[in-house]
Protein chains: 2
Amino acid sequence: MEQHVGETEQVRSGGDTAAARAQDAVDGARLNLAVAALARFGGRDDGGVSRETLTSIELDARRYLIDQAAGLGCDVSIDDCANLFFRRRGQADLPPVLTGSHIDTQPVGGKLDGAYGVVAALEVLHALNDAGIETRRPIEVVAWTNEEGSRFGPGAMGSSAFVAPAKLAGYRESRDVHGTSFGEALDAALAAAANVRRYPLGHPIDTCVELHIEQGPVLERAGIPLGVVTAIQGVRWFSIALTGTAAHAGTTPMEVRSDAMSAAVSLAQRLYAFGAEAATPSGLRLTLGRWRVEPNSINTIPGKVEFTIDVRCVDEDRLDAFERGMRVAVAEVDRGWPGTIEVNTIFARGTTRFPDAMLEVIERGCARAAAGAGAAPPLPVTSGAFHDAMHLADVCPTAMIFVPSRDGISHNPAEYTDPNQLTLGAKALAYVVTELANR
Amino acid sequence: MEQHVGETEQVRSGGDTAAARAQDAVDGARLNLAVAALARFGGRDDGGVSRETLTSIELDARRYLIDQAAGLGCDVSIDDCANLFFRRRGQADLPPVLTGSHIDTQPVGGKLDGAYGVVAALEVLHALNDAGIETRRPIEVVAWTNEEGSRFGPGAMGSSAFVAPAKLAGYRESRDVHGTSFGEALDAALAAAANVRRYPLGHPIDTCVELHIEQGPVLERAGIPLGVVTAIQGVRWFSIALTGTAAHAGTTPMEVRSDAMSAAVSLAQRLYAFGAEAATPSGLRLTLGRWRVEPNSINTIPGKVEFTIDVRCVDEDRLDAFERGMRVAVAEVDRGWPGTIEVNTIFARGTTRFPDAMLEVIERGCARAAAGAGAAPPLPVTSGAFHDAMHLADVCPTAMIFVPSRDGISHNPAEYTDPNQLTLGAKALAYVVTELANR
């Protein structure tokens with residue numbers, strides 16, 4: 001990383017010029033038309049998009065993208081997880097700068113989640129062509145397979161298998177609700193792309209930049225069109241199971257009850273208090289999202305309550321402190337009632353911090369794009385959602401750019417970003433990719 | 001009522017003697033065999049009973065009871081709600097003393113809930129026959145239709161229609177899960193009893209006594225076999241709907257959330273604190289039994305939470321105070337978050353207090369039975385569950401006797417009461433019914 005920063009500094013002045021020209025060549029009207037064109041694959045009457053991974057609709061969208069990329073002069077490749085790569089050659093045959101995102105959606109999603117990052121990356125290639133810029137390194141636009149994880153779990157299969165190819169065998173066994181395995185769907189997608197050059201999983205990458213909608217309200221509320229994503233929050237998922245005794249609401253005096261909901265509320269109240277205390281200094285986010293109550297009857301004391309904890313923070317120490325506090329709270333509530341409380345860790349992923357050298361380039365690209373539009377300078381933000389970039393960060397210097405989401409809404413047909421903001425995001429991306437490719 | 005107490009006092013000495021003889025003539029072995037015999041109708045391998053109202057199994061059980069009652073020399077009648085009456089004639093053609101309960105069960109219930117009160121009432125008639133006792137008033141044993149309300153809602157249809165015949169038309173429209181209406185099931189039951197004398201709904205009743213299992217843990221914990229039920233707790237049911245905004249658990253900062261579960265927990269915590277405070281002096285019982293969370297996903301902030309409140313107390317002032325406190329708590333939580341909270345009253349029924357004159361007879365009958373068995377004297381208790389007696393109390397002096405439920409369990413195959421305690425309950429009932437019938 002230190003070495004890499006050094007290289008950046010050495011070529012900055014030359015890179016800046018090409019990066020600025022690439023930025024200025026981005027065509028906002030063309031970009032927004034391209035977003036609308038891709039949204040027709042799986043487009044819905046309500047403005048949303050239903051294009052789950054490796055469905056026939058998504059395969060049609062892939063063929064459309066391949067045609068677009070070929071028209072831009074790209075070499076098209078596909079790897080063993082059906083991740084699609086569109087390569088714009090560089091002056092030297094070096095590991096490429098990678099940019100892109102995913103084109104699969106939730107069962108009912110919007111036009112932008114993922115798709116925007118792929119379409120904007122192709123617009124960058126358009127702009128480079130229009131400006132007649134040759135870069136030192138190749139630039140590859142990627143469309144990762146199955147980021148959403150809604151048809152086949154888990155999400156981010158393509159990018160995580162790219163980074164850790166051994167995961168693919170397990171992913172192949174994952175099945176959708178109709179019983180189709182990911183392996184079967186994958187083989188069909190690869191067969192449909194039999195004339196496309198095949199990459200092995202995990203070919204060398206120089207650097208990676210992902211442009212994405214924020215899917216949260218921070219940029220919109222700040223009135224700022226571009227976010228420099230400094231980190232993806234660490235997340236820990238727990239389930240809490242409280243087992244008491246179901247009994248008749250009328251006949252059972254309070255003093256002999258083992259009421260699982262009363263204990264759950266007492267525990268949840270402590271967790272929320274802890275979360276509220278930690279939120280302001282650290283940005284910790286706490287959600288008790290899924291609840292199951294048995295027997296769930298108006299006149300029966302709850303005998304069992306299960307609820308989930310989703311806690312996120314960029315500061316791992318804060319997550320550690322929350323987990324310690326959670327266990328103390330569980331022990332306190334457990335002592336105060338006759339039932340039992342069980343805590344299970346469902347999932348944990350540490351914070352992904354993007355390297356300063358990457359953030360510096362992104363900050364510069366965003367600042368220049370914003371200044372050109374008379375907009376506020378970019379805001380450092382963290383990502384609360386996972387992205388493919390999270391996995392790429394394990395193998396190369398990586399970073400992300402965010403544009404605002406209206407009302408913070410995503411995974412919803414109402415997902416929307418102002419077209420001018422979409423253009424600014426693509427301009428920032430053009431600058432960053434070009435500068436990185438000229439190192 | 002005052003008039004009635006006067007009559008009681010005048011005939012006490014004569015009544016006591018017959019009542020004592022009737023009590024002593026109760027045959028515990030015969031009673032417990034009769035409990036087991038009725039439990040064969042719908043009996044389950046796990047010891048439970050599945051005998052929902054007006055099913056073919058319950059109609060078989062009715063025919064069996066009719067045969068039993070006829071064998072005891074009773075006149076059998078049925079009314080327009082298929083309530084069954086077995087009348088042991090008195091010396092005078094006066095309104096009868098009514099005793100009994102119901103023989104329908106929950107989908108999976110026990111042998112005793114309801115059935116015990118009917119079988120024990122028939123054992124009382126047996127005892128009166130064996131002792132050669134003629135009473136002044138007739139005694140009627142009743143099996144009320146559809147007390148449980150599990151197949152057709154609401155519960156206690158038979159006894160409430162008996163008291164308020166105008167309710168029957170509405171009850172007839174109630175349908176079970178297969179689409180059969182209560183009216184259809186009722187007509188079939190009446191057709192099957194075409195040779196049985198038909199009563200109009202609501203024939204005059206002198207007094208009513210219902211013997212039942214407690215369905216709670218109070219008597220067992222006190223080590224006392226007989227309870228004098230002084231009142232049936234008033235109950236109020238509310239539903240609370242909190243509407244916030246569902247959003248991504250990762251991307252939405254705490255300070256912009258409208259988290260319906262966080263607000264619900266804050267409200268529930270206040271309600272539980274209020275309930276705990278009121279429980280010790282007044283016996284108030286608070287249950288938040290049914291919860292619905294939307295979208296109920298681990299990584300989505302709950303946008304909507306609905307939960308129910310079941311609050312019971314014999315002291316209506318305490319229920320009023322709880323309701324006022326609940327509305328203050330709702331207002332406080334509502335002020336502190338951006339969402340909305342809606343409160344709906346689902347159901348309310350005031351406390352049923354049994355008259356002192358009836359309690360005095362029951363206390364005496366229980367005390368004599370307990371003394372004869374070397375058991376602890378009876379305990380005044382309140383009923384947290386509803387019973388048919390609640391409705392009868394609207395039209396005649398009414399009271400109840402409880403026997404213990406092991407572990408407080410009911411509506412469950414594990415429902416159990418010691419056979420000696422069942423015998424004591426029947427002995428107490430024999431005394432009370434005989435004394436009332438000789439007034």
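Numbers restart at 1 for each chain; the letters A, B, ... are given by sequence-line order, proteins then strands.
Among the candidates His411(B), Glu255(B), Arg257(B), Arg221(B), the residue making the largest number of heavy-atom pairs closer than 4.5 Å to chain A is Arg257(B). Of the listed residues (Gly408(A), Ala246(A), Ala385(A)), the one with the most heavy-atom contacts under 4.5 Å to chain B is Ala385(A). Ranked by heavy-atom pairs under 4.5 Å with chain B, the list Gly216(A), Ala268(A), Ser262(A), Ser266(A) is led by Ser262(A). Annotation: maximal heavy-atom pairing with chain B below 4.5 Å, among Pro253(A), Pro217(A), Ser239(A), occurs at Pro253(A). When the candidates Asp310(A), Val381(A), Thr308(A), Ile298(A) are compared by the number of heavy-atom contacts under 4.5 Å with chain B, Ile298(A) comes out ahead. Interface check for chain B: of the options Val293(A), Asp259(A), Leu286(A), the most heavy-atom pairs under 4.5 Å are formed by Leu286(A). Options Val305(B), Thr382(B), Thr252(B), Ile309(B) differ in how many heavy-atom pairs under 4.5 Å they form with chain A, and the most are formed by Thr252(B). Options Asn296(A), Val265(A), Val311(A), Thr287(A) differ in how many heavy-atom pairs under 4.5 Å they form with chain B, and the most are formed by Asn296(A).
Only the backbone of Ser297(A) comes within contact range of chain B, judged by heavy atoms closer than 4.5 Å. Contacts of Thr300(B) with chain A are made by backbone atoms alone, with heavy-atom separations under 4.5 Å and no side-chain atom involved. With a 4.5 Å cut-off on non-hydrogen atoms, Arg292(A) does not touch chain B at all. Heavy atoms of Ile409(A) lying under 4.5 Å from chain B are absent altogether. Contacts between Arg285(A) and chain B at a heavy-atom distance below 4.5 Å involve backbone atoms as well as side-chain atoms. Heavy atoms closer than 4.5 Å to chain B are found nowhere in Ala247(A), neither backbone nor side chain. Of the atoms belonging to Asn299(A), heavy atoms from both backbone and side chain fall under 4.5 Å from chain B. Both the backbone and the side chain of Gln269(A) come within contact range of chain B, each with at least one heavy atom under 4.5 Å from a heavy atom of that chain.
Ring orientation note: the planes of Phe347(B) and Trp237(B) are tilted relative to one another, at an angle of 30° to 60°.
Side-chain contact between Ser410(A) and Ile213(A): present, with at least one pair of heavy atoms (C-beta onward) separated by less than 4.5 Å. Side chains of Glu342(A) and Thr243(A) form no contact here, defined as non-hydrogen atoms less than 4.5 Å apart. For the pair Ser383(A)/Phe402(A), a side-chain contact is recorded, criterion being any heavy-atom separation below 4.5 Å from C-beta on. Using a 4.5 Å heavy-atom threshold, the side chains of Phe322(B) and Leu271(B) count as touching.
Distance CD/Glu214(A) to CG/Leu379(A): 9.0 Å, rounded to 0.5 Å. The CG atom of Leu112(B) lies 9.5 Å from the OH atom of Tyr416(B); values are rounded to the nearest 0.5 Å.
Side chains of His102(B) and Asn146(B): no donor on one and acceptor on the other come within 3.5 Å.
A salt bridge does not link Glu277(A) to Arg318(A): none of the charged side-chain nitrogens sits closer than 4.0 Å to a carboxylate oxygen.
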With side-chain hydrogen bond (donor to acceptor under 3.5 Å, both in side chains) as the test, would you mind laying out the steps for Gln106(A) and Ser150(A) before giving the verdict?
CA-CA 6 Å; Gln106(A) 289 281 319; Ser150(A) 54; 4.5 Å; no

